[in-house]
Amino acid sequence: MLRLFDSVAGEVRELELRDPGKVSMYVCGPTVSGLPHLGHGRFALVWDVTRRWLTWSGLDVTYVSNITDIEDKIIARAREEQRSEVAVCEEFEGEWWKAIDALGIARPDHVPHATHYVPQMVRLIEELLSSDIAYRTSDGVYFDVSRVPDYGCLAGQPLDSLRAGARVEGHDEKRSPLDFALWKAAKSDEPSWPASFGSGRPGWHTECVVMSLDLLGDGFDLHAGGLDLKFPHHENERAQAVAVGDKFARHWAHNGWVMVGSEKMSKSLNNFTSLTDLLAETDQRAYRLLVLRSHYRSPIDVTKATISDAERSLERLDTFARRFSLPPLGGPRFERAADHEFSSDNAALVTLVSERLDDDLDTPGALALLFDAVSQANALSDQGRNEEAQALAVTVTALFGAVGLTLRSRAEDIDEATRALVRARNEARRAKNWAEADRLRDELVTAGWIVEDATGETVIRR
RNA sequence: GGCGGCGUGGCCGAGCGGUUAGGCAGGGGCCUGCAAAGCCCCGUACUCCGGUUCGAAUCCGGACGCCGCCUCCA
């Protein structure tokens, strides 16, 4: 069973499931006010890997991830571009899914949208108001954090300590600077919804509480997201749930940051900013490999150098897949251990990799094992031990598939003129006409092909 | 001010007291008509200063440097 670092406990602990055999997980999704960036990509990849691994392990996973479609930045953008908030959200939600699909991330089972849950948020706020945990001000409704005894358990600091550090500008009507907005009173040029406590729009922290509890029920197993959401977003979500008597999530997990070296992320510096740009310019699997290659809680550095490093690694894996004609696993479908049969030798590898991944998602450790296995399979094949090699290769590709990394073995479409060159080269080589063979190879190479003669017949690839 | 993290070989990146992480790049070899791919071998790293220990990258103390959170953020 997976052991994961729990952000409240501050230690790695086993994921204790509410219902045996079933995992309910909620991952805070994006606010669709712009193009998805590298940080969005990382969280989506990390939790996709987690979901896949749990599924591989035989668990029935329900994965929920929301779209925030009402928020300050969306309103600001809509105003700036003189179009509706709905139009902005539609555009960037479209971009979001394009990027998700390109990264080979499986779609969530449920994708709740904040605007579809406003009446339920209103009911939650009413409940909080009725018990005086929430209070009204001239600009909305606020949550009184002092009413939650263990407020700060996610921040890792007691309330007093947080309060001492709060960056001032005391909002007159708030009881504490840490109190957060549940509801923002309507303004004439902003979208608003009716409510018994005055029309307006929901604050960000309320939507995820309502949506996660609605779709997964109280005491769901895992609530995950980027490290930056730990405080105050997740703290505040939890505070609301606890305040109305729920247990909320049993386990909290957070992935680390994306860095771009010491340089500020910007196009002018030739750093990738948006996922959309990254995916347009690189192998779309490179980012997944980069994410898998470091621990999910460590910061990762995404630069041209680290991405191209990953791309070259992928070439090695693709060459491997080609050599053994391995099927492309991963992508939108899930792999399950139970769907595969492993010989005892290969079962040992599966066990070792499983132990790595079950240990707080040690993907770097798992990859090290898999790369070793790739070398082993190649070596076996070199020695002519083809059955063993093939079986190992199939196991390796299944395990890559288990974390969503698809190896490509499919030959590219090759046009007839190029095929003719390859045939001519085979003729020349049979005739030991090396000058002609070399000339034809140069021609193919100039056309962008990589030429390999390994099996007697020439094989070309891009 | 409070809380937390990090500093590893050319680059990336694991490591949680003793054994080769792994990848990429580089060097040598095997294979090959020559290449490519593949395989084998190689670099002998851990910010600094003390300490604990038979033994420390790994534990403790200190120094220096970098970063994050306490405010919208994946």
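Naming: A, B, ... by sequence-line order, numbering from 1 per chain. All heavy atoms count here, side chains included; hydrogens, waters and symmetry mates do not.
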Inset, instruction - Calculate the interatomic distance between A/Asp228 atom CG and B/G68 atom P; express it in whole Å. - result: 12 Å
Legend entry - 5' priority, RNA chain B, between A/Trp434 and A/Arg42 [closest heavy atom]: A/Trp434
Inset, instruction - Kindly say if A/Thr31 contacts the phosphate of B/C72, meaning a side-chain N or O under 4.0 Å from OP1 or OP2. - result: no
Inset, instruction - Just call it for A/Arg385: base, sugar-phosphate, or nothing, with non-hydrogen atoms closer than 4.0 Å on any strand. - result: nothing
Inset, instruction - Could you check which nucleotide pairs with B/G15 in any of the strands shown, counting Watson-Crick or G-U wobble with both distances under 3.5 Å? - result: B/U8
Inset, instruction - Hunt down the Watson-Crick or G-U wobble partner of B/U44, both distances under 3.5 Å, from any strand shown, or write none. - result: none
Inset, instruction - Assign A/Ala379 to base, sugar-phosphate, or nothing according to its heavy-atom contacts below 4.0 angstrom with the strands shown. - result: sugar-phosphate
Inset, instruction - Measure from the side chain of A/His37, starting at C-beta and using heavy atoms only, and say which of B/A37, B/A74, B/A21 lies closest. - result: B/A74
Legend entry - B/U58 and B/G18, which share atom name C1', separated by this distance in whole Å: 11 Å
Inset, instruction - Give A/His295 one of three labels, base, sugar-phosphate or nothing, depending on what nucleic acid heavy atoms sit under 4.0 Å from its own. - result: sugar-phosphate
Inset, instruction - For A/Ser375, answer base if it contacts any base atom (sugar-phosphate contacts may also be present), sugar-phosphate if it contacts only those atoms, and nothing otherwise; contact means non-hydrogen atoms under 4.0 Å. - result: sugar-phosphate
Legend entry - Distance in angstrom units between A/Glu311 CD and B/C12 C1', rounded: 14 Å
Inset, instruction - Among B/C12, B/C70, B/C34, find the nucleotide with the atom closest to the side chain of A/Phe231. - result: B/C70
Legend entry - Rounded distance (Å) that lies between atom P of B/G38 and atom CG of A/Asn386: 17 Å
Inset, instruction - May I ask you to decide whether A/Asp72 forms a salt bridge with A/Arg201, counting only side-chain N to carboxylate O separations under 4.0 Å? - result: yes
Legend entry - Complementary nucleotide of B/G50, counting Watson-Crick and G-U pairs under 3.5 Å: B/C60
Legend entry - B/C70 base / A/Arg163 side chain donor-acceptor hit below 3.5 Å: no
Inset, instruction - Take the protein atom NZ of A/Lys432 and the nucleotide atom C1' of B/U32, then report the distance between them rounded to whole Å. - result: 12 Å
Legend entry - Interatomic distance, A/Arg323 CZ vs B/G38 P [rounded to whole Å]: 9 Å
Inset, instruction - Would you tell me whether A/Thr68 and A/Glu207 have side-chain atoms, one donor and one acceptor, within less than 3.5 Å of each other? - result: yes
Legend entry - Base-pairing mate for B/C39 - Watson-Crick or G-U, with both contacts under 3.5 Å: B/G29
Inset, instruction - Write down the distance between CG (A/Asp453) and P (B/G33), rounded to a whole number of angstrom. - result: 9 Å
Inset, instruction - Using the closest heavy atom to pick a nucleotide of RNA chain B for each, name whichever of A/Gln157 or A/Leu162 lands nearer the 5' end. - result: A/Gln157
Inset, instruction - Indicate yes or no: does A/Glu315 engage A/Arg312 in a salt bridge with an N to O separation below 4.0 Å. - result: no
Legend entry - Any strand: nucleotide that pairs with B/G1 via Watson-Crick or wobble, under 3.5 Å: B/C70
Inset, instruction - Tell me which nucleotide among B/A14, B/A74, B/C34 gets nearest to the side chain of A/Ser294. - result: B/A14
Legend entry - Distance-only donor-acceptor test, A/Asp160 side-chain atoms vs B/G2 base atoms, 3.5 Å: no
Legend entry - Distance, P atom - from B/C6 to B/C60, rounded to whole angstrom: 12 Å
Legend entry - Positive for side chain to side chain donor-acceptor pair (under 3.5 Å) with A/His254, one of A/His234, A/Lys230, A/Arg297: A/His234
Inset, instruction - Verify the distance criterion only: is there a donor paired with an acceptor across the side chains of A/Thr137 and A/Arg175 at less than 3.5 Å? - result: no
Legend entry - Selection from B/G2, B/A21, B/C72 that lies nearest to any side-chain heavy atom of A/Pro364: B/A21
Inset, instruction - Look at the side chain of A/Arg316 and the base of B/A37, then say whether one donor and one acceptor between them are separated by less than 3.5 Å. - result: no
Inset, instruction - Quick one: label A/Ser298 by what it contacts on the DNA or RNA (base, sugar-phosphate, nothing), any heavy atom closer than 4.0 Å. - result: sugar-phosphate
Inset, instruction - For A/Asn378, answer base if it contacts any base atom (sugar-phosphate contacts may also be present), sugar-phosphate if it contacts only those atoms, and nothing otherwise; contact means non-hydrogen atoms under 4.0 Å. - result: sugar-phosphate
Legend entry - N/O (side chain, A/Arg293) to phosphate O (OP1/OP2, B/G22) under 4.0 Å: no
Inset, instruction - Using a heavy-atom cut-off of under 4.0 Å over every strand shown, decide if A/Gly41 touches base, sugar-phosphate, or nothing. - result: nothing
Legend entry - Which nucleotide in B/C39, B/G33, B/C12 has an atom nearest any side-chain atom of A/Thr306: B/C12
Legend entry - Atom-pair distance (CZ on A/Phe320; C1' on B/C39), nearest Å: 14 Å
Legend entry - Separation of atom CZ in A/Arg297 from atom C1' in B/G68, rounded to whole Å: 15 Å
Legend entry - Any side-chain donor near an acceptor of the partner, A/Asp179 and A/Tyr135, under 3.5 Å: yes
Legend entry - Proximal nucleotide (of B/A21, B/A36, B/G33) relative to the A/Arg425 side chain: B/G33
Inset, instruction - Would you mind classifying the nucleic acid contact of A/Leu369 as base, sugar-phosphate or nothing, using non-hydrogen atoms under 4.0 angstrom? - result: nothing
Inset, instruction - Test for a donor-acceptor pair under 3.5 Å between the base of B/G23 and the side chain of A/Asp309, counting only N and O atoms. - result: yes
Inset, instruction - Would you kindly say whether A/Thr115 and A/Asp69 are connected by a side-chain donor-acceptor distance under 3.5 Å? - result: yes
Inset, instruction - Answer with yes or no whether the side chains of A/Tyr63 and A/Asp48 bring together a donor and an acceptor at under 3.5 Å. - result: no
